[in-house]
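The structure appears right after this line, and notes come after that.
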Amino acid sequence: AAWNTSQYALVDSLLTRLDARRSELAPYHEHLRAQLRAALNGDGRAAYAAAAQAAALAPDSRAAYDAAIFALWLGWADSARSRLERLSPDRGAMIGWPSYWTNLAHARHLTGAHDLELRAAREMRARHPAARVAWVLEARALAALRDTLALETLLREADRLDPDVYWSQAGMLVTAGEEFAAHGDTLLSLRYSARALAWLRPRLAADPDNADHLYWMANAQHLRADYAGERRTLERLVRVDGRESYREALALATDLSEGSQT
């Protein structure tokens with residue numbers, strides 16, 4: 001629970017207390033302890049190995065899912081996909097777990113199985129209608145498949161949804177634009193990023209400190225190589241929400257904007 005709420009000092013303290021009682025742990029929980037310690041130390045390979053050992057003891061457990069997630073973090077997309085596809089969303093720890101579908105879609109995306117990625121996104125949307133990330137995953141898969149007709153239908157459907165969320169219509173547009181760029185279609189990438197900017201501007205005019213909209217604005221500007229604009233947007237975002245990932249993005253945008261001026 002402490003890990004899931006990013007209370008890493010507490011995780012360290014609890015693990016230190018647990019170390020003195022390791023002999024009392026069953027093998028499965030000893031592997032979970034080792035997994036958490038390795039993850040806390042930034043050792044992804046050791047965390048994966050511990051999760052895989054726990055998963056071997058309990059194939060339908062959360063450890064099996066964790067092993068797939070560590071594989072994704074390590075760039076082992078084939079392994080992650082294989083592990084996730086062996087899990088059942090209707091049995092064990094995956095019942096009612098929407099993140100299963102998110103990471104299954106990611107693994108299939110990274111292995112180029114975009115038709116199966118689309119299937120995972122649509123299944124997630126059917127099972128978890130409140131999970132807005134499913135709409136973004138579906139938009140990404142459709143862009144990867146170059147199915148702009150279905151993508152436009154999806155975007156029209158999304159117009160009825162709440163705009164003031166992280167995984168908004170802007171997220172769908174930017175993610176589609178990024179995917180078109182990844183496949184070498186610069187024209188479509190620019191078109192969808194421009195639509196994201198047009199969607200975001202009036203909303204940020206009404207609510208200038210909306211962190212979610214600022215984030216997607218910065219991403220759209222980055223996609224269009226507007227690094228000076230991205231830097232200004234991220235400066236505002238960091239003032240609103242100073243999380244580390246946003247500060248890192250600002251550092252990159254600053255470097256890019258200064259480089260583009262020389």
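- Ionic pairing of Glu178 and Arg224 is not present here: no N-O contact between side-chain nitrogen and carboxylate oxygen is shorter than 4.0 angstrom.
- Taking NE2 from His128 and OG1 from Thr102, the interatomic distance works out to 8.5 Å, rounded to the nearest 0.5 Å.
- Salt bridge annotation for Glu235-Arg239: absent, with no cationic side-chain nitrogen under 4.0 angstrom from a carboxylate oxygen.
- Rounding to the nearest 0.5 Å gives a distance of 4.5 Å between CZ of Arg236 and CG of Asp209.
- Between Phe180 and Thr148 the shortest heavy-atom distance is CZ-CG2, 3.9 Å.
- Listed by first and then second residue, the side-chain hydrogen bond (donor to acceptor under 3.5 Å, both in side chains) pairs that reach into residues 197-208 are Asp207-Asn210, sequence neighbours excluded.
- Classification of Arg33 and Glu30 as a salt-bridged pair holds, one side-chain N sitting under 4.0 Å from a carboxylate O.
- Residues Trp216 and Thr175 meet the side-chain proximity criterion, which asks for heavy atoms closer than 4.5 Å.
- Scored by the side-chain hydrogen bond (donor to acceptor under 3.5 Å, both in side chains) test, Asp226 finds no partners at all (sequence neighbours excluded).
- In plain terms, the two heavy atoms of Tyr215 and Asn219 that are nearest each other are O-ND2, 2.8 Å.
- Atom CH2 of Trp3 sits about 13.0 Å away from atom CG of Leu14, to the nearest 0.5 Å.
- Counting heavy atoms from C-beta on, the side chains of Asn103 and Tyr65 come closer than 4.5 Å.
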Checking Phe70 against Trp73 for the ring pair (Phe, Tyr, Trp, His ring centres under 6.0 Å) test, could you report, in this order, the C-alpha distance in whole Å, the side-chain angles of both residues, the deciding distance, and whether it holds? CA-CA 5 Å; Phe70 286 120; Trp73 290 358; 5.1 Å; yes
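- When all heavy atoms of Ala38 and Ala47 are compared, the closest pair comes out as CB-N, 3.4 Å.
- The pair Arg119-Glu123 does not count as a salt bridge, with every side-chain nitrogen at least 4.0 angstrom from each carboxylate oxygen.
- A cation-pi arrangement is present between Arg195 and Tyr192, with the terminal nitrogen or guanidinium carbon under 6.0 Å from the aromatic centre and inside a 45° cone about the axis.
- The two residues Thr233 and Ala218 make their nearest non-hydrogen contact at CG2-N, 3.8 Å.
- In plain terms, the two heavy atoms of Ala63 and Leu32 that are nearest each other are CB-CD2, 4.0 Å.
- Counting heavy-atom neighbours within 6.0 Å of Arg146 CZ, excluding the residue itself, gives a total above 12.
- Of the N and O atoms on the side chains of Ser13 and Arg17, not one donor lies less than 3.5 Å from an acceptor on the other residue.
- The side-chain heavy atoms of Arg127 and Pro98, taken from C-beta on, include no pair separated by under 4.5 Å.
- The CG atom of Leu154 lies 5.5 Å from the CZ atom of Arg125; values are rounded to the nearest 0.5 Å.
- Looking only at side-chain heavy atoms (C-beta outward), Leu110 and Leu72 come within less than 4.5 Å of each other.
- The side-chain heavy atoms of Arg231 and Glu258, taken from C-beta on, include a pair separated by under 4.5 Å.
- Ala52 and Ala67 make their closest contact through N-CB, 4.0 Å (heavy atoms, listed as atom of the first residue, atom of the second, distance).
- To the nearest 0.5 Å, atoms CD (Gln169) and CZ (Arg156) are separated by 14.0 Å.
- Taking the side-chain hydrogen bond (donor to acceptor under 3.5 Å, both in side chains) definition, one finds that Asp162 meets it with nothing, sequence neighbours left out.
- Ion pairing of Glu244 with Arg247 is absent here, as no side-chain N (NZ or NE/NH1/NH2) approaches a carboxylate O to less than 4.0 Å.
- Comment: Asp43 does not engage Arg37 in a salt bridge, judged by the lack of any side-chain N to carboxylate O separation of less than 4.0 angstrom.
- Under 3.5 Å, the side chains of Thr111 and Arg81 contain a donor-acceptor pair of N or O atoms.
- Side-chain heavy atoms closer than 4.5 Å link hydrophobic residues (I, L, V, M, F, W, Y) into clusters, and following such links, even through other members, never connects Tyr28 to Leu87.
- Here OG1 of Thr254 is found 8.0 Å from CG of Leu234. Values are rounded to the nearest 0.5 Å.
- Using modelled atom types and a 3.5 Å distance limit, the side chains of His183 and Glu179 yield a donor-acceptor pair.
- Arg83 and Asp66 are not joined by a salt bridge, as no carboxylate oxygen comes within less than 4.0 angstrom of a charged side-chain nitrogen.
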